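None of these values were measured; they are calculated from a predicted model.
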Amino acid sequence: MKFPVLKTFITATACLTLFPTLAAAGPRVVNCDDGDSLQNALDAGAGSAAPTEIFVTGTCYEDPRIRRDRVSLNGDGFTVIEGRIRVFGDQLTIRDLKVTDGISFRHSRARLFDVQIVDNGDGFGMLVADNSSVSCNSCTISGNREGIRIEASHVSLSDTDVDFNDSAGEYSDGILVLQNSSLTSDGGSISNNGNLGLRVNWNSSIQVTGTEIASNGAYGILLQLGSIGALTDAKVTGNTGYGVEVSGGNAALEVFGGKISTNGSEGVWATEHSFVRLTDTEVSHNNGHGVALARDSGAVISGSTQVRYNTPYHQLVCQGDESSIDVEGGADVGPIDCSDQDF
């Protein structure tokens, strides 16, 4: 099968709009250690469109529901919500606190800064669903059954770590991007999760820049069923299975720079009508072929890409006659076993 080079890859499928500025009422102060209720503070003045600013300290043993818009919830860096936060409002900001039973967003826009979402061993750290858009800046999502689940929504991560979500072992993924969703990640890590680092499914998209995807219990990245992705200067290393699998429904991945190495199986595995382009990328020291193709899939190896020092003799392979590999320019590759080495 002949695959065109991808000209235009990922556009902004969803984005966070700047929140409008309105006059806010005076801030509300909640000290949970003194018996104050965060939910009461959230419900005060219900029906008002004015922004609400809440400063909360101590440990709050409750499951707050945020139904109103324009809420700013601020901790002091030691604040703990021992419960689940459910968000149904719009234009929410959360800063400087820890949540131990997850946060869910539905039909919402929200921004999180220095938030820890941890230790929800029975469920997700963060669920973003129903056309929501959420950004996380310098956050930690750890110790949950699933790190982040995105359904028909958009999430943007900046310097955020999604690590050690492994309470269900082989069923614990770091991030799931499902059902026409999108994810951007800049910096941070997706590592040491029980199963996949990053699962991208059903016509979803990812754009990952400078993120480390390492030491996950299965693959680093699974991109499938019509989904597309771009990795720039990312490191996909030390995962138990494939570094990256691209499969099904014309799924496609472009990789610019970075490294795919020391994974337990193939560095890149593309199958079932899928496409991969590697540009200026190191693919090395994987315990399988550097790049392997099957079932009418294609790859372009270009720029200063190096595919060497992987365990088998053949560094690039095609299984079956339908798949093809094109090596361009100054790419440095080892032995190739492919009946069609040109598109």
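Here ring-ring contact (aromatic ring centres under 6.0 Å, His included) pairs that include residues 278-309, with residues two or more places apart or in two chains, are His285-Tyr309. Pairs passing the ring-ring contact (aromatic ring centres under 6.0 Å, His included) check and including a residue from residues 89-110, sequence neighbours excluded, do not occur. Pairs passing the disulfide bond (SG atoms under 2.5 Å apart) check and including a residue from residues 215-281, sequence neighbours excluded, do not occur. Sorted by first and then second residue, the disulfide bond (SG atoms under 2.5 Å apart) pairs with a member in residues 205-299 form an empty list; sequence neighbours excluded. Residue pairs meeting the ring-ring contact (aromatic ring centres under 6.0 Å, His included) criterion with at least one partner in residues 168-220, sequence neighbours excluded, are Tyr219-Tyr242. Counting only residues at least two apart or in different chains, disulfide bond (SG atoms under 2.5 Å apart) contacts with residues 34-90 comprise Cys32-Cys60.
Judged by distance alone, the side chains of Gln39 and Ser37 never bring a donor and an acceptor atom under 3.5 Å apart. No side-chain donor-acceptor contact under 3.5 Å links Ser261 and Ser284. Between the side chains of Thr100 and Asp119, not a single donor N or O lies within less than 3.5 Å of an accepting N or O. Ser205 and Ser182 are not linked by any side-chain donor-acceptor pair at a separation below 3.5 angstrom, with hydrogens and angles left out of the test. Ser156 and Thr184 share a donor-acceptor pair across their side chains, judged by distance under 3.5 Å alone. If you check the side chains of Asn310 and Asn286, you find a donor sitting under 3.5 Å from an acceptor. Between the side chains of Asn165 and Asn144, at least one donor N or O lies within less than 3.5 Å of an accepting N or O.
Residues satisfying the side-chain hydrogen bond (donor to acceptor under 3.5 Å, both in side chains) criterion with Asn201, sequence neighbours excluded, are Gln224. When the salt bridge (charged side-chain N to carboxylate O under 4.0 Å, His left out) test is applied to Asp130, the partners found at least two apart in sequence or on another chain are Arg106. Take Thr305 and apply the side-chain hydrogen bond (donor to acceptor under 3.5 Å, both in side chains) test, not counting sequence neighbours, and it matches no residue. Residues passing the side-chain hydrogen bond (donor to acceptor under 3.5 Å, both in side chains) test with Gln179: none are found, sequence neighbours excluded. In terms of the side chain to side chain contact (heavy atoms under 4.5 Å, CB included) criterion, residue partners of Ser215 (sequence neighbours excluded) are, by chain and number, Asn192. Scored by the side-chain hydrogen bond (donor to acceptor under 3.5 Å, both in side chains) test, Ser191 finds Asp163 as partners (sequence neighbours excluded).
A 4.5 Å side-chain heavy-atom check between Val115 and Lys98 finds every atom pair outside the cut-off.
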* To do: Would you sort out whether Ser181 and Ser153 count as a side chain to side chain donor-acceptor pair (under 3.5 Å), showing the intermediate values?
  => CA-CA 5 Å; Ser181 293; Ser153 296; 5.4 Å; no
Should Asp36 and Asn31 be marked as a side chain to side chain donor-acceptor pair (under 3.5 Å) after you check the CA-CA gap, both sets of side-chain angles, and the distance that decides it? CA-CA 5 Å; Asp36 296 343; Asn31 186 335; 5.9 Å; no
Requested in this report: Would you please test Asp63 and Arg84 for salt bridge (Lys or Arg N to Asp or Glu O under 4.0 Å) and show each step?
Outcome: CA-CA 5 Å; Asp63 297 314; Arg84 177 173 299 175; over 6 Å; no
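Between the side chain of Ser132 and the backbone N or O of Ala129 there is at least one donor-acceptor pair closer than 3.5 Å. One N or O on the side chain of Asp280 and one on the backbone of Ser304 form a donor-acceptor pair closer than 3.5 Å. The closest donor-acceptor contact from the side chain of Thr240 to the backbone of Asn216 lies under 3.5 Å. Asp33 contributes a side-chain N or O that, together with a main-chain N or O of Thr59, makes up a donor-acceptor pair within less than 3.5 Å. The backbone N or O of Asn287 lies less than 3.5 Å from no partner atom in the side chain of Asn263, so there is not a single donor-acceptor pair. Checking side-chain atoms of Gln306 against main-chain N and O of Ala331 turns up no donor-acceptor pair under 3.5 Å. With Asp173 contributing its side chain and Leu196 its backbone, the two residues share a donor-acceptor pair below 3.5 Å. Here the side chain of Ser172 pairs no donor or acceptor atom with the backbone of Asn193 at under 3.5 angstrom. A donor-acceptor pair under 3.5 Å links the side-chain atoms of Ser167 to the main chain of Gly121, judged by distance alone. Between the Arg111 side chain and the Ser135 main chain, no donor and acceptor come within less than 3.5 Å of each other.
Expressed to the nearest 0.5 Å, how far CD of Glu245 lies from OG1 of Thr271 amounts to 7.5 Å.
With salt bridges taken as basic N to acidic carboxylate O contacts below 4.0 Å, one links Arg109 and Asp90. Using a 4.0 Å cut-off between charged side-chain N and carboxylate O, Glu272 and Arg295 make a salt bridge. With respect to the salt-bridge test (charged N to carboxylate O, under 4.0 angstrom), the residues Asp122 and Arg145 do not qualify.
Hydrophobic clustering (ILVMFWY, side-chain heavy atoms < 4.5 Å, transitive): Leu231 and Leu198 are in one cluster. Under the 4.5 Å side-chain heavy-atom criterion for Ile, Leu, Val, Met, Phe, Trp and Tyr, Ile325 and Val268 are members of the same hydrophobic cluster. Both Leu42 and Val99 belong to a common hydrophobic cluster when Ile, Leu, Val, Met, Phe, Trp and Tyr are linked at side-chain heavy-atom distances under 4.5 angstrom. Cluster annotation: Leu38 is connected to Ile103 through the hydrophobic network of ILVMFWY side chains, with a link wherever side-chain heavy atoms come within less than 4.5 Å.
Annotation for Glu212 and Thr237: closest pair OE2-OG1, 4.2 Å, computed over non-hydrogen atoms. Here the shortest heavy-atom pairing between Ser323 and Ala294 reads OG-C, 3.3 Å. Closest approach of His273 to Ser297, counting heavy atoms only: N-OG, 3.4 Å. Considering every non-hydrogen atom in both Phe256 and Thr281, the closest pair reads C-OG1, 4.1 Å. Scanning both residues, Val276 and Val246, for their nearest heavy atoms gives CG2-CG2, 3.9 Å. Between Leu178 and Ser204 the shortest heavy-atom distance is C-OG, 3.5 Å.
Figure legend: Arg149 and Phe124 shown without cation-pi pairing, the cationic atom not lying both under 6.0 angstrom from the six-membered ring centre and within 45 degrees of its axis.
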